[in-house]
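Encoded as structure tokens, the structure appears first; notes follow it.
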Amino acid sequence: MEVTLQNLTKKFPGRDKKKHEDVIAVNDFTFEIPDGKLIGLLGPSGCGKSTTLNLISGLLKPTEGRIFFGEEDVTDLPPENRGIGLVFQNYALYPHLTVKQNILFPLENLKGKDKLSKAQMLEKAYEAARLVQIDDLMDRKPGELSGGQQQRVAIARALVKRPKVLLLDEPLSNLDARLRLQTREEIRRIQRETKITTIFVTHDQEEAMSISDMIVVMKEGVVQQIDKPQKVYDDPKNLFVAKFLGTPPVNVFTGQIKDQKLYIGNDCVMEAKGVKDQAVYVGIRPEGFCPRADGTLCCILQGVEVMGRDISVISANEASLNTTVRSIVGTENKADMEKILSMSEGRITNDAVVKFALAPHKVFIFQKETEERIYL
Ligand code: ATP
């Protein structure tokens, strides 16, 4: 089922004592979510992710804009008539009911022509339970399950009516790191098997990157970028998006365009053909640095962390907005790497200079005022 959001806006009345302005939780959001895809809604706390999800579910009414499921305008339909499955962070299972009864619950409420026989209901409940691999736990109560198992029950309950759209609001937040990883892979598998259009809310960029077909990055109610995960990482539209995605995060410097060249401090690091002279921000992904004797960006070496396959070089640069410049370098260039390693073994002094060549496709330039990307 294709979901279309058309100029969707949600304002909440300002109730703060000093500030009476409305809170614009979602601001003019337009997007056509393709059928059968998994969309990650990503952004920091308070950026409007849950509000967007609640508008799609019908739990909230938009102030402006329309929502379509396929051709049907569902804006004025109550949640129960939209054919959605909802899963929240706190599994919200009925504690006094067994797993089986919890999953059966949405089916028992079906009325009229949709009403099912007991046998049909059981068949559907077991089918959903098998999908999330909890069919051997059907007679337990939620209190007798692990967090991950409880979340699977919640997902089975959301799937049992075969919803047209599955809405997941931070479904992994209550799970420990290992279970998070496992459950997110499960969600991906289930989504691929069922091909239900799914919208997944998270503030965790790695989670969104790993399972989404497309990512929507939001900030203060406004959509910043919608693209495939790798594209958002490789080609961020503004500084906010560049900073929000990636661990370790992008390194940000103040820079200057002068005579069609990019300077960081006094170092001329790259050509910037066609860009007029101006002050800029420069974002460099950690993997964009290559230590080389003839490198153009000079930094002061502060330390080296060897982490199995990767080597992380920590350095300082006066133009850096981060306290340290963190780069992840490969070991291909043996001579230069060995020099850095031997430097870091001795006492690192203020003049331990490390020079980096920069990979141009890992360097992003942003306008200083708007923080929008300047494309080269
Ligand atoms: P989180 O990750 O913390 O859940 P979020 O991105 O889901 O955040 P929302 O819950 O959608 O953010 O909130 C967006 C903005 O709208 C916030 O500023 C929030 O304070 C405000 N807001 C949300 N619900 C209401 C409400 N019922 N009344 C007033 N303001 C609200």
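Order of appearance sets the numbers: ligands from 1, and atoms from 1 within every ligand. Every value quoted in this text rests on a predicted model; they were computed, and no experiment measured them.
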Next item on the list: Verify whether one side chain among E207 and T202 offers a donor that lies under 3.5 Å from an acceptor in the other.
Entry: yes
Note to self: Parallel, tilted or perpendicular, judged at 30° and 60°: which one describes the rings of F244 and F240?
What the structure shows: parallel
Notebook entry, point to check: Taking C-beta and beyond as the side chain, do S57 and L59 meet within less than 4.5 Å on heavy atoms?
Noted result: yes
Per-pair distances, ligand 1 N/O vs protein N/O, less than 3.5 Å:
| from | atom 1 | to | atom 2 | distance (Å) |
| --- | --- | --- | --- | --- |
| ligand 1 | 2 (O) | K49 | NZ | 2.9 |
| ligand 1 | 3 (O) | S45 | OG | 2.6 |
| ligand 1 | 6 (O) | G46 | N | 3.4 |
| ligand 1 | 6 (O) | C47 | N | 3.0 |
| ligand 1 | 6 (O) | G48 | N | 3.0 |
| ligand 1 | 6 (O) | K49 | N | 3.0 |
| ligand 1 | 6 (O) | K49 | NZ | 3.0 |
| ligand 1 | 7 (O) | S50 | N | 2.8 |
| ligand 1 | 7 (O) | S50 | OG | 2.8 |
| ligand 1 | 8 (O) | G46 | N | 2.7 |
| ligand 1 | 11 (O) | T51 | N | 2.9 |
| ligand 1 | 11 (O) | T51 | OG1 | 2.5 |
| ligand 1 | 12 (O) | G48 | N | 3.3 |

Next item on the list: Evaluate the criterion side-chain contact (heavy atoms from CB on, under 4.5 Å) for residue pair L262 and V282; output intermediate values, then yes/no.
Entry: CA-CA 9 Å; L262 171 64; V282 187; 3.7 Å; yes
Check: Under a 4.5 Å cut-off applied to non-hydrogen side-chain atoms, are F253 and L297 in contact?
Finding: yes
Next item on the list: Go through the steps to decide whether K164 and T197 satisfy the test side-chain contact (heavy atoms from CB on, under 4.5 Å), and finish with yes or no.
Entry: CA-CA 7 Å; K164 294 182 220 161; T197 308; over 6 Å; no
